[in-house]
Amino acid sequence: MAIQLFDSLSRSLQPLRTPDPADPQDLFTFYNCGPTVYAPAHIGNFRTFVVNDVLRRLIELEFGPGKVKHVRNLTDVDDKTIRRAREEGRPLAAVAKQWTDKFHADCDALNCLRPHLEPTATGHIREQVDMIDVLMQKGNAYRAADGSVYFKVSSFDNYGRLSRVKERELQPGSALAGKSQAADADEKEDATDFALWKAHKPDDGENAWDSPWGRGRPGWHIECSAMIKKHLGETIDLHTGGEDLLFPHHENEIAQSECCNGVTFARHWYHSKHLLVDGAKMSKSLGNLYTLDDLVAKGFSPMAVRYALLMGHPQKQLNFTLDSLHAAESALKHLRSYRDTLVQRAGNMTAKSSRLFDDVLAALHDDLNTPWALGELHEDTRVHKSDSIAPIHAAADLTSFDLVMFALGLDLRTPALKADIPPAITALAEKRWAAKQAKDFATADALRKEITAAGWSMLDRKDGYSLEPLKKT
RNA sequence: GGCGCGGUAGCCAAGUGGUAAGGCCGAGCUCUGCAAAAGCUCUAUGCGCCGGUUCAAUUCCGGCCCGCGCCUCCA
């Protein structure tokens, strides 16, 4: 079953290229534009990364784990990272390290597989300079008076194909009309040209490298082109990112790479749509910008966040709300309960997949339709749930279930909530359990009220109890 | 102004030219000292509004209203 994926360039559903199984050198090359490491990523960023992670998992299942090479960059030098370092009086590398580590921790919590390679912009200055050099020699770039190098948009006939903008003219009423134009407007031959190399400015501090055009630093777009060429080749199978990267970032990458290499840059372009929170674009001023930590602090599990991010079709804006997080948490509980039942029934038995959940995979193959996949998942668990299922069938269903849960990246083995239980609460719970065993129900009920008032929920079972924190909203 | 997307039950959200998946919430039930958990059942004669095409439209076409995104460094 081929993976069909919307392609931003042709604006149509296209199958992904299948690498030759007989040729060990033929890998599916997959590049995902990564984060700028200057602050914690927010859940909007993570929508893109989680969607890309499902895609990565699906490709692995489809072509085999060894048949895909997944690269995601880290932008560790740009205006924002430099500004942050300057404000904090720290070296750029220290800022980048801090937020790279945080990004990795968040990705791990969200159960995203690590890319096979995470190259950095500062680690590829040489490659970027080399590429700019070729563009200069071919006449696609020019050096301005201040030592910056710009790409000459008019030298590339196909410019604008991806974002469908033939020429970026500043329209009356456009977002730019009122503002002063870019700071480097005077240096550029044309307003649409963009920087390949930025001449050193005092604000850049020590963050500058030597180049044939003087000291400076690379422009934003060139890093991806250079790292892709080095690590994945001149033509890659799949290039992805958030919808905002369509223009100018990816448009510019195409221009640079195709002018430099003379071949098609990417066979397939995939952009996931943005996340809205409570129906609006996230912004600090609206107070609806969440990081993973913000949501964990509210009592939600990272896995519920992942589930919530998969509740909408990646090609459609998703309205993220705290209510959907509650829904996600509950849905996960039911899936966990379903799996526990299968595990119990299966005992030590193992079996080949029953293919019970194949329609979940089918939904994912159809343009990564995650909401449809989740719908099928629940439908299948409901229809086939049975306490009296034969062990051999339970084992087969379990294999099938775990396969699709791998594809979705939903890890049910981690507890829903991990919170430290205060000793005082444990003490109350112990007392109540003792009272209950002694059939002193009046005392037991009073203690339950105390525990609830303290923000905890005590769940009785036949052989004991568990404590869960009440949700905060 | 340019390019694009969407309006489906209280909330989130799939989907189809032939009469509306799924999740959450809610209600009822089973179980249970209590409370939960878990399980079962139920919950849109309706898919923004108005026309058109059609035997048949939520699904196609046109118009309108509303919301949203991008437009030089925001995933």
Side-chain angles (χ1 to χ4, degrees), chain A residues 11 32-36 41-52 75 78-80 160 163-166 168-177 181-182 184-185 191-195 198 219-221 240-249 251-252 271-276 279-283 307-308 311-313 315-335 337-338 340-341 363 369-382 385 387 436 439-442 444-445 448-449 451-452 457-462 465-466 468:
Chain A
R11 299 202 178 191
N32 172 17
C33 274
T36 302
H42 54 67
I43 50 167
N45 298 314
F46 283 121
R47 179 187 200 194
T48 297
F49 296 125
V50 164
V51 164
N52 274 274
T75 298
D78 78 324
D79 291 349
K80 295 190 296 292
S163 56
R164 292 223 172 162
V165 188
K166 196 60 187 167
R168 302 298 302 184
E169 291 183 31
L170 303 182
Q171 299 286 346
S174 82
L176 283 173
Q181 294 172 14
D184 53 5
T192 62
D193 294 345
F194 57 90
K198 304 175 85 149
W220 174 36
H221 315 295
T240 70
E243 61 171 325
D244 56 301
L245 296 183
L246 245 138
F247 186 87
H249 188 50
E251 196 71 74
N252 293 351
H271 295 89
S272 41
K273 291 286 195 292
H274 276 178
L275 187 71
L276 303 177
K281 186 184 179 181
M282 281 185 296
S283 72
Y307 188 105
M311 279 166 57
H313 192 123
Q315 287 301 309
K316 200 175 154 187
Q317 288 174 346
L318 170 66
N319 189 18
F320 185 92
T321 65
L322 255 31
D323 277 348
S324 34
L325 258 185
H326 277 116
E329 201 83 76
S330 298
L332 279 173
K333 269 187 173 178
H334 293 146
L335 293 175
S337 156
Y338 169 77
D340 288 346
T341 304
N369 194 330
T370 51
W372 183 20
L374 292 174
E376 295 293 348
L377 181 66
H378 286 282
E379 176 75 5
D380 290 341
T381 61
R382 188 173 58 76
K385 179 155 38 192
D387 288 337
K436 181 186 167 175
K439 303 234 184 272
D440 178 2
F441 295 126
D445 288 350
R448 174 184 288 289
K449 277 186 181 168
I451 291 166
T452 305
S457 168
M458 183 167 175
L459 309 178
D460 289 4
R461 286 192 311 270
K462 279 188 177 147
Y465 63 88
S466 61
E468 283 185 7

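We name chains A, B, ... by the order of the sequence lines, and we start the count at 1 in each one. What you see is a predicted model; the values in this text were computed from it and never measured.
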Handout entry: Residue of the set His249(A), Glu251(A), Glu243(A) for which side chain to side chain contact (heavy atoms under 4.5 Å, CB included) holds with Phe247(A)
Key = Glu251(A)

Practice task
With the side chain counted from C-beta on, respond yes when Asn252(A) and Trp220(A) share a heavy-atom pair under 4.5 Å apart, and no when they do not.
Solution key: no

Handout entry: A75(B) base / Arg47(A) side chain donor-acceptor hit below 3.5 Å
Key = no

Exercise for the section: Give one of base, sugar-phosphate or nothing for Gly375(A), where a contact means two heavy atoms less than 4.0 Å apart. Expected result: base

Exercise for the section: Measure the distance from CZ on Phe194(A) to C1' on U72(B) and round it to the nearest whole Å. Expected result: 10 Å

Handout entry: Pairing annotation in dot-bracket form, given for RNA chain B with Watson-Crick or G-U pairs under 3.5 Å and | for cross-strand partners
Key = (((((((..(((.....[...))).(((((.......))))).....(((((..]....))))))))))))....

Problem - Gly279(A) backbone acceptor or donor facing Asn319(A) side chain under 3.5 Å - result: yes

Practice task
Remember a base hit wins even if backbone is also touched, and classify Lys436(A) as base, sugar-phosphate or nothing at under 4.0 Å, heavy atoms.
Solution key: base

Problem - For atom CE of Met282(A) and atom P of C70(B), their distance in whole Å - result: 11 Å

Handout entry: Residue-phosphate contact under 4.0 Å: Arg461(A) side-chain N/O, A37(B) OP1/OP2
Key = no

Exercise for the section: Check whether any side-chain N or O of His334(A) sits under 4.0 Å from OP1 or OP2 of C24(B), and answer yes or no. Expected result: yes

Handout entry: Ser457(A) side-chain N/O to A35(B) phosphate OP1/OP2 under 4.0 Å
Key = no

Practice task
For nucleotides 6-15 of chain B, just jot down a letter per nucleotide in 5' to 3' order: B, S or -, based on protein non-hydrogen atoms under 4.0 Å.
Solution key: SS----SSSS

Problem - Leu322(A) CG - G23(B) C1' separation (whole Å) - result: 17 Å

Exercise for the section: Report the residues that fulfil ring pair (Phe, Tyr, Trp, His ring centres under 6.0 Å) with Phe320(A), sequence neighbours left out, ordered by chain and then residue number. Expected result: none

Problem - Distance-minimising heavy-atom pair for Cys33(A) and Leu245(A) - result: CB-CD1, 3.5 Å

Practice task
Specify the separation, in whole Å, of atom CD of Glu251(A) and atom P of C3(B).
Solution key: 15 Å

Practice task
Decide yes or no, distance alone: a donor-acceptor N/O pair under 3.5 angstrom between the base of C34(B) and the side-chain of Arg448(A).
Solution key: yes

Exercise for the section: Kindly give the heavy-atom pair with the smallest separation between Met311(A) and Leu318(A), and that separation in Å. Expected result: C-CD1, 4.3 Å

Problem - Integer angstrom distance from the C1' of C12(B) to that of C25(B) - result: 11 Å

Fill in the blank from the handout: In whole angstroms, the gap separating C1' of C70(B) from NE2 of His271(A) amounts to 12 Å

Practice task
Using the P atom as the reference point in each nucleotide, state the distance between U59(B) and C70(B) in Å, no decimals.
Solution key: 29 Å

Practice task
Rounded to whole angstrom, note down the C1' distance from C55(B) over to C11(B).
Solution key: 38 Å

Completion exercise
Closest non-hydrogen atoms of Thr321(A) and Ser324(A), given as atom of the first, atom of the second and distance, are O-OG, 2.7 Å

Exercise for the section: Looking at every strand, decide which applies to Leu275(A) at a 4.0 Å heavy-atom threshold: base, sugar-phosphate, or nothing. Expected result: base

Exercise for the section: Please answer whether the main-chain N or O of Asn45(A) pairs with a side-chain N or O of His42(A) as donor and acceptor at a distance below 3.5 Å. Expected result: yes

Practice task
Can you tell me, in whole Å, how much space there is between the P of G33(B) and that of U43(B)?
Solution key: 32 Å

Fill in the blank from the handout: Between Thr48(A) and Ala442(A), whichever has its closest RNA chain B nucleotide further toward 5' is Ala442(A)

Handout entry: Any N/O donor-acceptor pair, Asp445(A) side-chain to G33(B) base, under 3.5 Å
Key = yes

Handout entry: Whole-Å gap separating P (A36(B)) and CG (Asp460(A))
Key = 12 Å

Exercise for the section: Kindly say if Ser337(A) contacts the phosphate of A37(B), meaning a side-chain N or O under 4.0 Å from OP1 or OP2. Expected result: no

Exercise for the section: For G48(B) versus G7(B), give the span between their P atoms, rounded off to a whole number of Å. Expected result: 7 Å

Problem - Rounded distance in Å between the P positions of A75(B) and C61(B) - result: 35 Å

Practice task
Sticking with atom P, work out how far G63(B) lies from G22(B), rounded to a whole angstrom.
Solution key: 36 Å

Exercise for the section: State, yes or no, whether a side-chain contact exists between Met458(A) and Asp460(A) at a heavy-atom distance under 4.5 Å. Expected result: yes

Practice task
For the pair Ser330(A) (side chain) and His326(A) (backbone), establish whether a donor and an acceptor sit closer than 3.5 Å, ignoring hydrogens and angles.
Solution key: yes

Practice task
State whether the side chain of Arg47(A) and the backbone N or O of Lys273(A) hold a donor-acceptor pair below 3.5 Å, judged by distance alone.
Solution key: yes

Handout entry: N/O (side chain, Lys333(A)) to phosphate O (OP1/OP2, C24(B)) under 4.0 Å
Key = no

Practice task
Could you check how far CG of Leu246(A) sits from P of C3(B), rounded to whole Å?
Solution key: 15 Å

Practice task
Would you kindly compare Ser330(A) and Phe441(A) by the position of their nearest RNA chain B nucleotide and give the one closer to the 5′ end?
Solution key: Ser330(A)

Handout entry: Gap in Å between the two P atoms, one belonging to G52(B) and one to A57(B), rounded
Key = 11 Å

Completion exercise
Closest non-hydrogen atoms of Leu276(A) and Lys281(A), given as atom of the first, atom of the second and distance, are CD2-N, 3.8 Å

Problem - Per-pair stack call His274(A) and A75(B), 5.5 Å, 30° - result: yes

Exercise for the section: Could you tell me the separation between the OH atom of Tyr338(A) and the C1' atom of C40(B), rounded to a whole number of Å? Expected result: 17 Å

